[in-house]
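Below is one structure; the comments refer to it alone.
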Amino acid sequence: DAGVIQSPRHEVTEMGQEVTLRCKPISGHNSLFWYRQTMMRGLELLIYFNNNVPIDDSGMPEDRFSAKMPNASFSTLKIQPSEPRDSAVYFCASNLRGGMSEKLFFGSGTQLSVL
Amino acid sequence: GQQVMQIPQYQHVQEGEDFTTYCNSSTTLSNIQWYKQRPGGHPVFLIQLVKSGEVKKQKRLTFQFGEAKKNSSLHITATQTTDVGTYFCAGLRNQGGKLIFGQGTELSVKP
């Protein structure tokens with residue numbers, strides 16, 4: 001099992017540019033989560049999908065952030081336009097909802113730096 | 001909204017000393033999970049507690065879930081340098097709800 005795969009591992013961009021983060025969940029998992037991690041705010045849930053449908057996007061900071069899950073094996077998190085305060089590590093995680101244990105499997109994360 | 005508070009934020013110990021981190025929720029939890037994140041790594045699931053008053057052990061790690069299902073603790077006996085990392089608790093309010101992470105406790109172990 002390859003685990004949750006995220007790309008890119010590192011992204012450096014300039015303020016105002018569009019950033020797209022990608023995630024491939026573990027095959028067979030029906031839920032996908034996007035988290036953001038910063039020193040100040042810790043691990044924040046941005047949005048999660050169940051069976052490709054967004055269930056809760058209340059953690060999405062503002063309209064500059066959008067997330068899609070066109071199919072069960074792929075999701076994107078887009079920031080447009082990016083700002084320096086968006087600099088953080090963005091984690092994607094997946095799990096099998098409805099099971100005895102709903103533990104999350106995290107990807108390796110994308111380290112985003114907006115200059 | 002629901003909050004999960006975790007203390008302490010940092011803990012520095014000498015190798016061989018014990019370590020404990022505490023987690024408190026403002027609301028009753030359906031279950032609580034614990035994760036470990038090594039420096040530069042990603043959170044990795046350690047364990048899940050579901051029952052009121054539950055205690056689980058993994059080698060030198062002991063996890064407890066409070067009777068009211070609002071608090072939890074992780075205790076490490078005789079820390080080793082391999083225990084270094086940040087330990088997060090994460091509470092689930094109800095089945096199908098959001099998993100809310102505590103701020104984490106960063107553990108450093110001096111050899």
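Labels below follow one simple rule: chain letters A, B, ... track the order of the sequence lines, proteins then strands, and each chain is numbered from 1.
- Residue-environment remark: CD (A:Glu14) stays at or below the threshold of 12 foreign heavy atoms within 6.0 Å.
- Hydrophobic clustering of Ile, Leu, Val, Met, Phe, Trp and Tyr side chains at less than 4.5 Å, counting indirect connections, keeps A:Ile47 apart from A:Ile55.
- Between B:Gln37 and A:Gln37, the closest side-chain pair of non-hydrogen atoms falls below 4.5 Å.
- Separating the CG atom in B:Leu99 from the OH atom in A:Tyr48 is a distance of 10.0 Å, to the nearest 0.5 Å.
- The cluster map of Ile, Leu, Val, Met, Phe, Trp and Tyr, joined by side-chain heavy atoms under 4.5 Å apart, puts B:Tyr87 and B:Val84 in the same cluster.
- Under the 4.5 Å side-chain heavy-atom criterion for Ile, Leu, Val, Met, Phe, Trp and Tyr, A:Ile26 and A:Phe49 are members of distinct hydrophobic clusters.
- Within the 4.5 angstrom heavy-atom criterion, only side-chain atoms of A:Tyr35, from C-beta onward, approach chain B.
- Looking at A:Thr38, neither its backbone nor its side chain comes within 4.5 Å of chain B, counting heavy atoms on both sides.
- One hydrophobic cluster, built from ILVMFWY side chains closer than 4.5 Å, holds both A:Leu21 and A:Leu46.
- A:Tyr90 and A:Leu32 fall within the same hydrophobic cluster, defined by Ile, Leu, Val, Met, Phe, Trp and Tyr side-chain heavy atoms under 4.5 Å apart, directly or through other members.
- Of all heavy-atom pairs spanning A:Arg41 and B:Gln103, the tightest one is O-OE1, 3.3 Å.
- Here the closest non-hydrogen pair linking B:Tyr35 and A:Leu104 is OH-N, 2.9 Å.
- Between A:Glu102 and B:Leu92, the closest side-chain pair of non-hydrogen atoms falls below 4.5 Å.
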